[in-house]
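These notes are about the structure you will find just below.
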Amino acid sequence: MTEIEYFKPERGQRPGANQDPRLDWWREAKFGMFIHWGVYSIPAGVWKGEHIPGIGEWIMLRAEIPIPEYEKLAPQFNPVKYDADQIVKLAKAAGQKYIVLTSKHHDGFCMYGSEETDYNIVDGSPFGRDVLGELAAACAREGVKLGLYYSQTQDWHHPNGFGNTWDFDADEQDFADYIDNYVKPQVREILSNYGPICIIWFDTPRIIERHQSQELLDLVHSLQPDCLVCGRLGNKLGDYATAQDNAIPPDLQAEIDWETPATINDTWAFKTHDHNWKSTTQLIQNLVDIVSKGGNYLLNIGPDAEGAIPEPSIERLLAMGAWLDVNGESIYGTLPGPLQGYEGYRTTRKGDTVYLHVFDWPPSGSIALPGLDASSASWLDTSCDAPLSLSRVGGQLMIQAPAEAPNEHVTVIRLER
Ligand code: JFZ
């Protein structure tokens with residue numbers, strides 16, 4: 001188990017290579033779906049008529065909503081449009097190979113039938129159904145891996161959880177009790193009652209002590225040895241490094257396994273007034289950029305209070321899936337390519353094949369590839385019949401292609417020795 005910390009794009013400490021075979025599926029997968037969904041999806045960024053800045057799932061803290069007031073959201077939570085099969089089929093269509101659902105975020109509301117609290121969707125809402133249980137069943141039916149986000153320190157509802165300074169006095173809280181008698185039982189139940197869990201995505205380790213992180217890690221592995229642990233358990237423990245939200249490192253990070261969690265707009269949980277949706281081209285370029293540097297892209301959806309997925313998310317994810325249907329060979333199961341640090345290009349590789357991803361198409365159609373050796377070039381999109389030639393000019397490989405990019409987002413050229 002490597003020791004890792006928050007992974008900072010500005011090249012902080014570089015942990016040792018993590019060759020653990022438990023991550024093999026994850027290294028192949030490259031692209032996952034994050035789901036942030038809870039009672040915070042009801043106010044959706046607005047509280048008492050006021051727009052609350054920041055990410056939607058933080059509204060309780062940003063507006064310092066007292067627990068008795070915030071708890072009134074639970075009896076309103078009846079997401080009748082929730083369709084686990086639709087979500088899993090969307091992930092598959094998008095090319096996302098694993099799903100990570102918020103089982104309990106910082107507000108403490110559980111999206112599954114917890115035995116540790118009635119503050120959950122089964123016992124504490126008119127919906128009365130186990131969102132996690134239905135998602136787990138749909139993932140099993142569709143062959144998609146399921147992971148779970150779990151906030152192991154911040155809990156603004158529990159009297160001994162961290163972070164609620166407006167209802168509680170931190171000096172009177174017992175965080176050790178929270179970890180031992182609430183977090184551990186909940187980790188046990190989510191890893192015991194919902195089948196194989198591929199990742200437990202702990203988050204914001206804040207005040208957790210080393211032995212507490214280690215005990216949680218040991219508990220996870222005692223229950224599901226193959227369950228991966230992301231880089232936010234705390235105290236540098238975990239199976240892979242977790243980048244800051246939406247952060248992509250400036251260059252190759254070959255020695256470690258790492259993942260960028262990211263949003264399609266500017267919030268994880270649904271916000272009524274957040275319409276700042278990234279373009280499909282930007283999202284595809286982010287995926288390529290991350291994979292070319294050795295990482296995974298965990299891209300989020302935030303269902304609304306009724307359980308519906310925002311249309312702009314669906315539209316973009318389906319377009320990403322269409323691009324991956326044609327170009328997935330250059331993403332899944334690849335390693336970082338030999339050309340790194342070129343603004344307009346990214347490369348990945350599989351064996352002796354190099355995949356050149358062209359972000360900025362040159363108007364001349366001429367692409368110089370210094371330091372690269374190949375004997376043939378072909379469009380990865382086999383339906384493309386545009387002319388493509390390879391030559392060597394002054395010792396460097398040159399590709400001559402048309403003036404127009406064949407793909408509107410990212411064009412991929414397969415180079416073989
Ligand atoms: C955390 C959560 O607080 C947030 O609500 C969301 O779930 C996100 C995926 O994770 O936010 C973070 C955590 C860590 C960093 C930034 C935002 N960081 O390391 O910079």
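Counting starts at 1 for both ligands and their atoms, in listed order.
Using modelled atom types, no side-chain atom of S41 and backbone atom of W37 make a donor-acceptor pair closer than 3.5 Å.
The shortest N or O to N or O distance between D203 and ligand 1 is under 3.5 Å. Taking any N or O of T204, backbone or side chain, none lies under 3.5 Å from an N or O belonging to ligand 1. On a distance-only criterion, H106 and ligand 1 share at least one N/O pair closer than 3.5 Å.
Near Y149, the atoms of ligand 1 lying under 4.0 angstrom from a non-hydrogen atom of the residue are 7 (O). With ligand atoms numbered from 1 in the order given, ligand 1 contributes 4 (C), 5 (O), 6 (C) to contacts under 4.0 Å with heavy atoms of E57. Residue W58 has at least one heavy-atom neighbour below 4.0 Å for each of these atoms of ligand 1: 2 (C), 3 (O), 4 (C), 5 (O).
Annotation: the span from D107 atom CG to L73 atom CG amounts to 9.0 Å, rounded to 0.5 Å.
With hydrogens and angles left out, the side-chain atoms of S151 and H106 include a donor and acceptor closer than 3.5 Å.
No heavy atom of Q154 sits closer than 4.0 Å to any atom of ligand 1.
Counting heavy atoms closer than 4.0 Å to ligand 1, residue I55 contributes side-chain atoms (C-beta onward) but none from N, CA, C or O.
Applying the side-chain hydrogen bond (donor to acceptor under 3.5 Å, both in side chains) test between N160 and each of D155, D174, D177 identifies D177 as the sole match.
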Step-by-step salt bridge (charged side-chain N to carboxylate O under 4.0 Å, His left out) determination, E69 to K48: CA-CA 11 Å; E69 272 194 63; K48 295 182 177 174; 3.0 Å; yes
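The minimum heavy-atom distance linking W258 with K293 is given by the pair NE1-O, 3.2 Å.
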